[in-house]
Asks: 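This structure is in structure tokens; I'll ask about it shortly.
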Amino acid sequence: MSRYNFKESEARWQAAWERAGCFRAHESEPAGEPGGASKPKYYVLEMFPYPSGRIHMGHVRNYTIGDVIARYKRARGFSVLHPMGWDAFGLPAENAAMERGVPPAEWTRKNIAAMRGQLKMMGLSIDWEREIATCDPSYYRHQQRLFLEFLEHDLVYRRESWVNWDPVDHTVLANEQVVEGKGWRSGAPIERRQLSQWFFKITEFSEDLLQALESLDRWPEKVRLMQKNWIGRSEGARVSFKIAGREAPLEVFTTRPDTLYGASFFAISPHHPLAAELTASDPGLQDFIAECDRLGTSEEAIETAEKKGHDTGLKVLHPFVKGQELPLYVANFVLMEYGTGAIFGCPAHDQRDLDFARKYDLGVLPVVLPPDADAQDFAVGDTAYVGDGSIYNSGFMNAMSVPDAKKAVIARLEAEGIGAGTVQYRLRDWGLSRQRYWGCPIPIIHCPSCGPVPIPKDDLPVLLPDDVSFDKPGNPLHHHPTWKTAACPSCGAAAERDTDTMDTFVDSSWYFARFCCPREEDKPLDQAMVDHWMPVDQYIGGIEHAILHLLYSRFFMRGLKRFGYTANDEPFAGLFTQGMVCHETYRGEGGGWLHPDDVDKRADGSAVHRDSGRQITVGRSEKMSKSKSNTVDPEQIIETYGADTARWFMLSDSPPERDMEWTAAGIEGAWRFTQRLWRLIGEAAPHLPPARAPTPANFSAQGGTLRRSTHKAIDSVTRDIEAFRFNRAVAQIYEFTNTVAAFQAKSGDDYWALREAFETLARLAAPMMPHLGEEMWRGLGRADMLVELPWPESDPALVIDESVTVAVQVNGKLRATIELPRDSGEEAAREQALADPAVQRLVEGKALRKVIVVKNRIVNVVV
RNA sequence: GCGGGCGUGGCGGAACCGGUAGACGCAACGGACUUAAAAUCCGUUGGGCGUAAGCCCGUGGGGGUUCGAGUCCCUCCGCCCGCACCA
């Protein structure tokens, strides 16, 4: 028997699908009957890749999952849109330009070509005619227009904001480029600097983005929770405090106005206007602020740093306790971006305030008494009490519950005109300006007399210049000799272009809509097309995008709706977040990382170097990454084993939402299975009745059993694909294959049942192993293409068994199993369970206390 | 630090709504075929005790709810993801 030649087969079927245009998406596709309705639409989208050069296993996993869904839905009678594009702007292209002197455009184009080829090897059911790249002017010109529309609708504005500044390279750094407070290239301690930048007003939609999460019922609960916490709605109060000897009050936002009597200090952000004012007379404060700025802009860095404060010497007057004066600090953990940039500290009921109070020896007065505590001796040690309780030490609030006290104190503050109840969101506006070259230029001209002026839409696009140099650090657009000079569109005076480009998250916030009308030239989007395909029915990507990309896209969709491009609010009706691809790590004797190709694994789990035979330490499995050298190249895998094998292994074993481990043994196992399927078909085909032979009237007992397995397999694989349990679908197919392989046909009707089984096997496996599926189908003598056939239907009569195995427990421990007719009554189950010899033995001589019967499942006898 | 998640045999995992823990795959071991090997096929495989029938233990640790817990609750431990300029 010849071996399955995947190379020949995969290329042949890919060509056949392309010739037939199988994966072209059509807005109107007849469902079948002449003059009948169109097929319903289904939009499957995987997060588009960044063209880094080669696909990695994470891509293979992502696109395999999406392709299974796309192929399955197509078989289920949907008109499917399954496009592909490139998230092509971004930092790596600039890094390549700096390190290797390759222009970003050229580097990116080459990478796209290479990765397109690799993706095509995978046999994905993609409509390649809709391919887009965000770095293409035919894409970003529309994005510039959208920017202007956001601006016209008051959803973009300009203000000062903070960036990480590398004082040696004179460059703005991304948070990822700041390593332990130092620039990654220069190693110089970074500073914070203020720049004038553009912002999307996402906070205008805070409440809507929060509320609408409820409607996203096909999103993972954890992602909705993360977004909810990110938006961070909190109810509280704004309170104005008098500062001794000063006119201007200090405004504070707090979620715990009920603990006002427990206040022992106040703190403002290092970037609070008051802090800036005080530096004039306090050189120590200036040093302190400089020290805070060295932490950079990352919230993570600020929150993990040691909490420090600088006493301003100013005193804040307590509004309710006459004569009480509290110290005012500048503290490194107070964020100017949240609330008012000023807080009051109540150490007894907030852990961070407590840590701060202990450090600076400030008072800790409890004002909330835990339900089981005694007012006389309750004290706060190292742990703040944040629970509910009854208020005490608090004047008019005494004896109230925490919620009641909040209401009472807000009423009092409002009555006295020094505060008000308010809702605060943690969500901040989205800064989109980037001081970089390889991005979408911001279509604005800065005029000395008119200020920032939008470029007229007819003059778009603002093209990126090709002739840029990366010799100098900083933004090449800024250094370009001529690019930035322009005439003011308003007054005609000599002016300068905005040399910033847009955050790449802007590119990815509307690409899914552009796929609906990728060649539209006159406008960014054609509403009829967008509303035909949108929302994306199933979006698939990594969990790392759970917040920013998805939230920004939801915001953008709301903007697009406002400008009349769509009637939808939400871009993604269904979301699936897949896990990462991991691999064991290896270290040689010197401690350096070793690539799996250099490692020989022994049967006992130890490993030696392939060439030198030296001992290798096997480390734990971690996310594949170049830095740990534990990557496996998809192209090499596909060359060696074929796309179907790679896809099959990707789907086997691990549930798709969880991290999976890539192993050499696993891919070998998948490869053996493809060979086994091929062999089984080849051996059986000559004995099978012709395709489409009529169903025999009767089947032998074993033939009937085989048919039951066949129809149960249809049922369970269907259910598993619908529920994204691909690893289970794979296991069901393995199990079914074992059944089919063990079957010994004896009669004509047995052979008919066997053909049915093999045909089903090919069809169930096809979404996961599309080439082999087609090859099996042809091997069974079918001339049509599986990709064009509907999904198999199970016969309900063959799926339900007439008898069930029921477990019998005595005192909760399994002691026997009994066979019962399906849906037997409680009495019958109880009787047969008690009659079982094993049960008899254990029950003998004891009084029956209770017998619990769960239909078709279990009988528990309690003695 | 804050927010979110995960933890089951030697390994990846299965177990529906609280109802027979370990399906399926990998690895390992034994056997068949072969001059031999590969491939393939058959069988065994959570741990302990027992000749056997069978019994006991077992889902990261500890505690709880329940006739019954991998699943629910409390608590501790370990690992992973995100934290707004990586994409």
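Just so we're on the same page: letters track the sequence lines, and every chain starts at 1.
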Asks: Distance check, C1' atoms only: B/G60 and B/C80, in whole angstrom units.
Replies: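 These two C1' atoms come out 15 Å apart once rounded.
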Asks: So, is A/Arg620 close to the B/C80 phosphate, meaning a side-chain N or O under 4.0 Å from OP1 or OP2?
Replies: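 Checking A/Arg620 against B/C80: at least one side-chain N or O falls below 4.0 Å of OP1 or OP2.
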Asks: Between A/Asn95 and B/C86, does any side-chain N or O lie under 4.0 Å from OP1 or OP2?
Replies: no
Asks: If the condition is salt bridge (charged side-chain N to carboxylate O under 4.0 Å, His left out), which residues does A/Lys855 pass it with, not counting sequence neighbours?
Replies: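 Residues passing salt bridge (charged side-chain N to carboxylate O under 4.0 Å, His left out) with A/Lys855: none at all.
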Asks: Does any donor-acceptor pair link the side chain of A/Glu300 with the base of B/C83 at a separation under 3.5 Å?
Replies: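 Checked by distance alone, the answer is yes.
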Asks: Is any side-chain nitrogen or oxygen of A/Arg841 closer than 4.0 Å to OP1 or OP2 of B/G54?
Replies: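 The answer is no; no side-chain N or O of A/Arg841 sits under 4.0 Å from OP1 or OP2.
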Asks: So, A/Phe726 versus A/Phe724, ring centres under 6.0 angstrom or not?
Replies: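 Yes: the rings meet the under 6.0 Å criterion.
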Asks: Once hydrogens and angles are ignored, does a donor-acceptor distance under 3.5 Å link the base of B/C86 to the side chain of A/Gln177?
Replies: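 By the distance-only test, no, there is no pair.
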Asks: Work out how far the C1' atom of B/C67 is from that of B/A28, and round it to whole angstrom.
Replies: 41 Å
Asks: Please report the distance separating the P of B/A15 from the corresponding atom of B/A21, rounded so that it comes out in whole Å.
Replies: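 Per the computed distance, 16 Å lies between those P atoms.
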Asks: Find the runs of at least 3 consecutive base pairs, i with j, i+1 with j-1 and so on, that include RNA chain B, using Watson-Crick or G-U wobble geometry with both distances under 3.5 Å.
Replies: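 When the pairs of RNA chain B are grouped into runs of at least three, the stems are B:1-7 with B:77-83, B:10-12 with B:24-26, B:28-32 with B:40-44, B:46-49 with B:54-57, B:60-64 with B:72-76.
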Asks: Check whether the ring centres of A/Tyr511 and A/Phe48 lie less than 6.0 Å apart, and answer yes or no.
Replies: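 So the answer is yes for these two rings.
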Asks: With A/Phe649, which of A/Tyr641, A/Phe673, A/Trp662, A/Trp671 fulfils ring-ring contact (aromatic ring centres under 6.0 Å, His included)?
Replies: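 That would be A/Trp662; it is the only one of A/Tyr641, A/Phe673, A/Trp662, A/Trp671 passing the ring-ring contact (aromatic ring centres under 6.0 Å, His included) with A/Phe649.
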Asks: In whole Å, measure the gap between the C1' atoms of B/G46 and B/C11 for me.
Replies: 13 Å
Asks: What contact category does A/Ser652 fall into here, base, sugar-phosphate, or nothing, at under 4.0 angstrom with non-hydrogen atoms?
Replies: nothing
Asks: If you check every side-chain atom of A/Ile858, which of B/C80, B/G19, B/A87 has the closest atom?
Replies: B/G19
Asks: Mind checking whether A/Phe505 and A/Tyr552 have parallel, tilted or perpendicular rings, split at 30° and 60°?
Replies: perpendicular
Asks: Can you check whether any acceptor in the base of B/C85 is under 3.5 Å from a donor in the side chain of A/Gln197, or vice versa?
Replies: yes
Asks: Write down the distance separating the C1' atoms in B/C76 and B/A23, rounded off to the nearest Å.
Replies: 33 Å
Asks: Establish, from distance only, whether the side-chain atoms of A/Asn630 and A/Thr585 form a donor-acceptor pair under 3.5 Å.
Replies: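 On atom types as modelled, these side chains do not qualify, holding no pair under 3.5 Å.
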Asks: Is the phosphate of B/A87 approached by A/Thr504 (side-chain N or O, under 4.0 Å from OP1 or OP2)?
Replies: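 Checking B/A87 against A/Thr504, a side-chain N or O does come within under 4.0 Å of OP1 or OP2.
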Asks: Where does B/G62 land, syn or anti, given syn is within 90° of 0?
Replies: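 With its glycosidic angle more than 90° from zero, B/G62 counts as anti.
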Asks: Taking only side-chain nitrogens and oxygens of A/Lys813, does any of them come within less than 4.0 Å of OP1 or OP2 of B/C57?
Replies: yes
Asks: With a 4.0 Å cutoff (strictly under), does any side-chain N or O of A/Arg434 reach OP1 or OP2 of B/C85?
Replies: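 Answer yes for this pair, as a side-chain N or O of A/Arg434 is under 4.0 Å from OP1 or OP2.
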Asks: If we only count heavy atoms from C-beta on, is the A/Phe576 to A/Gln578 side-chain gap below 4.5 Å?
Replies: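 Side chain of A/Phe576 against side chain of A/Gln578, heavy atoms only: contact under 4.5 Å found.
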Asks: Look at the side chain of A/Lys850 and decide which nucleotide, out of B/C85, B/C24, B/C67, has an atom nearest to it.
Replies: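 Nearest to the side-chain atoms of A/Lys850, counting from C-beta on, is B/C67.
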Asks: Centres of the A/Trp230 and A/Tyr425 rings: under 6.0 Å?
Replies: no
Asks: Is it the case that A/Asp659 and A/Ser654 place a side-chain donor and acceptor less than 3.5 Å from each other?
Replies: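 Side chains of A/Asp659 and A/Ser654: no pair found under 3.5 Å.
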Asks: Compare side-chain N and O positions of A/Arg676 against OP1 and OP2 of B/A39 and report whether any pair is under 4.0 Å apart.
Replies: no
Asks: Could you tell me whether the phosphate oxygens of B/G5, OP1 or OP2, come under 4.0 Å of any side-chain nitrogen or oxygen in A/Lys222?
Replies: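 Checking A/Lys222 against B/G5: no side-chain N or O falls below 4.0 Å of OP1 or OP2.
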Asks: With syn defined as a glycosidic angle within 90° of 0 and anti as everything else, classify B/C73.
Replies: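 Anti.
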Asks: Might you confirm whether atom CD of A/Glu844 has over 12 heavy atoms from other residues, nucleotides or ligands at distances under 6.0 Å?
Replies: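 Not more than 12 within 6.0 Å, no.
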Asks: Tell me what A/Pro655 touches on the nucleic acid: a base, only sugar-phosphate, or nothing, going by heavy atoms under 4.0 Å.
Replies: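 Here A/Pro655 touches the backbone only, sparing every base.
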Asks: Could you please name the option among B/G25, B/C67, B/C85 that lies closest to any side-chain atom of A/Asp653?
Replies: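 Selected nucleotide (nearest to the side chain): B/G25.
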Asks: Using the P atom in both, what is the distance from B/G62 to B/C77, to the nearest Å?
Replies: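 The answer is 15 Å between these two P atoms.
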Asks: What integer number of Å spans the P atoms of B/G58 and B/G63?
Replies: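 Between the two P atoms, the distance is 11 Å.
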Asks: Let's see if you can work this out: which of B/A84, B/C81, B/U20 has an atom nearest to the side-chain heavy atoms of A/Ser298?
Replies: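 Of the options given, the side chain of A/Ser298 lies nearest B/A84.
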Asks: Classify the angle between the aromatic ring planes of A/Phe89 and A/Tyr140 as parallel (below 30°), tilted (30 to 60°) or perpendicular (above 60°).
Replies: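 Rings of A/Phe89 and A/Tyr140: tilted, as their planes differ by 30° to 60°.
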Asks: Identify whether the distance between the nearest side-chain nitrogen and carboxylate oxygen of A/Asp429 and A/Arg159 falls below 4.0 Å.
Replies: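 So A/Asp429 does not pair with A/Arg159 through a salt bridge.
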Asks: For the P atoms, the ones on B/C74 and on B/G5, what distance do you get once it is rounded to whole angstrom?
Replies: 13 Å
Asks: Is the distance from OP1 or OP2 of B/C41 to the nearest side-chain N or O of A/Arg679 less than 4.0 Å?
Replies: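 Checking A/Arg679 against B/C41: at least one side-chain N or O falls below 4.0 Å of OP1 or OP2.
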Asks: Does any N or O donor sit under 3.5 Å from an N or O acceptor when you compare the side chain of A/Asn229 with the base of B/G3?
Replies: no
Asks: Contact list please: residues 724-737 of chain A against RNA chain B, heavy atoms, distance less than 4.0 Å, in numerical order.
Replies: A/Asn727, A/Arg728, A/Ala731, A/Tyr734, A/Glu735
Asks: State whether A/Arg672 places a side-chain N or O below 4.0 Å from either non-bridging phosphate oxygen (OP1 or OP2) of B/C26.
Replies: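 A/Arg672 to B/C26 OP1/OP2: side-chain N or O found under 4.0 Å.
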Asks: Taking N and O atoms by type only, does the side chain of A/Arg436 place a donor or acceptor under 3.5 Å from a partner on the base of B/C85?
Replies: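 Answer is yes: a donor-acceptor pair is held.
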